[in-house]
Amino acid sequence: MADILAENLSGKAVMGSDGTELGMLYNITMNLKTGALSDLLVEQTEETDQISLDFPTDDHGRYRIPVGRVQAVKDYIVVER
């Protein structure tokens, strides 16, 4: 995958590989010691609030999606479901 600046990802829509819209990217977590990216923090939308997703959430109800599940970054961030 090509390098992409984090500032270009902010507010980008996140979609499952099955076409389900999961929400909007809020932030990306990382390991401060190694610099490795950990999770996408995805804010739920009104549509995603109505469906059951198998991703854990943080204290604010944002989905924690492991970076390893990212399949593509274009108009949407596509993640494996």
Side-chain angles (χ1 to χ4, degrees):
M1 191 179 315
D3 291 342
I4 298 172
L5 295 175
E7 67 185 36
N8 295 335
L9 296 176
S10 181
K12 199 172 267 290
V14 180
M15 180 178 285
S17 55
D18 61 355
T20 303
E21 190 162 334
L22 305 179
M24 301 297 283
L25 181 66
Y26 174 77
N27 209 343
I28 302 173
T29 63
M30 68 180 278
N31 181 313
L32 294 177
K33 292 184 180 183
T34 66
L37 300 178
S38 301
D39 297 314
L40 303 179
L41 295 179
V42 178
E43 288 187 318
Q44 297 182 38
T45 63
E46 289 181 18
E47 292 82 22
T48 57
D49 199 28
Q50 304 298 318
I51 59 175
S52 176
L53 298 176
D54 58 348
F55 296 113
T57 57
D58 68 3
D59 296 338
H60 301 284
R62 298 181 194 107
Y63 295 118
R64 298 182 65 91
I65 302 173
V67 170
R69 293 186 116 175
V70 173
Q71 294 182 329
V73 179
K74 296 196 184 203
D75 293 337
Y76 291 91
I77 298 171
V78 179
V79 297
E80 178 185 349
R81 275 205 57 202

Is there a path of hydrophobic side-chain contacts, each under 4.5 Å between heavy atoms, that joins [X] and [Y]?
X	Y	value
M24	L40	no
Y76	V42	no
M30	I77	yes
L25	V78	no
I28	V79	yes

Who pairs with R81 by salt bridge (charged side-chain N to carboxylate O under 4.0 Å, His left out), at least two apart in sequence or on another chain?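 If we apply the salt bridge (charged side-chain N to carboxylate O under 4.0 Å, His left out) test to R81, skipping adjacent residues, the hits are D18.
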Minimal non-hydrogen separation, [X] against [Y], with atom names:
X	Y	value
S17	Q71	CB-OE1, 3.3 Å
T57	Y63	CG2-CD2, 3.9 Å
R64	F55	O-CB, 4.2 Å

Applying side chain to side chain contact (heavy atoms under 4.5 Å, CB included), name anything that partners [X], two or more places apart in sequence or on another chain.
X	answer
P66	D39, R69
N27	L41
N31	K33, T34

Check whether more than 12 heavy atoms from other residues, nucleotides or ligands sit under 6.0 Å from atom CG of D54, and answer yes or no.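 More than 12 heavy atoms, drawn from other residues, nucleotides or ligands, come within 6.0 Å of this atom.
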Does E21 reach the main-chain N or O of A13 with its side chain, forming a donor-acceptor pair under 3.5 Å? no
